[in-house]
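Below, all heavy atoms of this structure are taken into account, side chains as well, without hydrogens, waters or symmetry copies. Counting starts at 1 for both ligands and their atoms, following the listed order.
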Amino acid sequence: MRFPLSTPLAVPAGTLAAGPQPTLTAGDLVLRPWQDDDASAFLAAYQDPEIRRWHTRRPASEEQVREWFAFYHRAWRQETAASWAMTYDGGAMVGRMVLGGMDLGDGVAVCAYWVVPAARGAGLASRSLRAVSDWALGAAGFHRLELDHSTRNHASCRVAVKAGFRPEGTRRRAAVHADGPHDMHLHARVRGDD
Ligand SMILES: CC(C)(COP(=O)(O)OP(=O)(O)OC[C@H]1O[C@@H](n2cnc3c(N)ncnc32)[C@H](O)[C@@H]1OP(=O)(O)O)[C@@H](O)C(=O)NCCC(=O)NCCS
């Protein structure tokens, strides 16, 4: 049983699902919804040891990837999550950006990302995070976006700061990795931040 909220939803129900998931752009960077023909590149990305190190949920086959994409498309219609393929000019996928855990009542969502090894070091993750958070805190109507990363993941910390996500502290032993629980560094960007 869910008791009714006494405050209006920060993001009114139906607003996001009223249209298709938007394609977002920033210069030559194009963030588009996933397509079934991204499946083999998506599966290949999870062979990278760094992606495997920091992302414990991973697909085992192209069929599972396509189920994952179907889940993303459903999640958009249910207004619970959105996920984009990072591309240059809409071409081959070079990374993934997720806005998950959408709480429409408080207007809060959680970001996560990875970039394929060949495309790293070119500002892709930070520019994508900036583009998605500009849209989420602007047109989409969210108030606050969070992300967390292991305190051992220094590159992810740098991406967050470069995209305007301020550090907010450390959640101790908050996420299990292959070598056990890690302390997680929390960042957030809220509407009105730079
Ligand atoms: C983290 C990741 C997304 C960064 O993608 P990217 O497109 O290369 O990121 P950007 O180019 O936007 O920025 C990377 C920044 O991190 C810095 N960086 C890279 N490796 C670093 C390291 N080991 N220690 C500290 N900083 C590092 C870069 O110098 C750059 O900062 P700068 O521009 O100030 O020099 C990518 O390395 C990746 O996918 N890693 C594996 C998965 C992962 O860690 N996901 C995040 C889980 S929370």
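Summarising the local packing, OH of Y88 is surrounded by more than 12 heavy atoms from other residues, nucleotides or ligands at distances under 6.0 Å. Within a 6.0 Å radius of CZ in R166, other residues, nucleotides and ligands contribute 12 heavy atoms or fewer. Crowding of R173 atom CZ: a count of heavy atoms from other residues, nucleotides or ligands under 6.0 Å not exceeding 12.
Among the candidates L129, V115, L124, the single residue satisfying the side-chain contact (heavy atoms from CB on, under 4.5 Å) test with V159 is L129.
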Exercise. Under the side-chain hydrogen bond (donor to acceptor under 3.5 Å, both in side chains) criterion, do S156 and H149 qualify, and how do the steps go?
Worked result: CA-CA 7 Å; S156 186; H149 61 81; 4.9 Å; no
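By the rule that hydrophobic residues join a cluster once side-chain heavy atoms approach within less than 4.5 Å of another member, V30 and W135 end up as members of separate clusters.
The immediate protein surroundings of ligand 1, defined as residues with any heavy atom under 4.0 Å of it, consist of E50, W54, H55, Y113, W114, V115, R120, G121, A122, G123, L124, A125, S126, D148, H149, N153, H154, A155, S156, R158, V159, K162.
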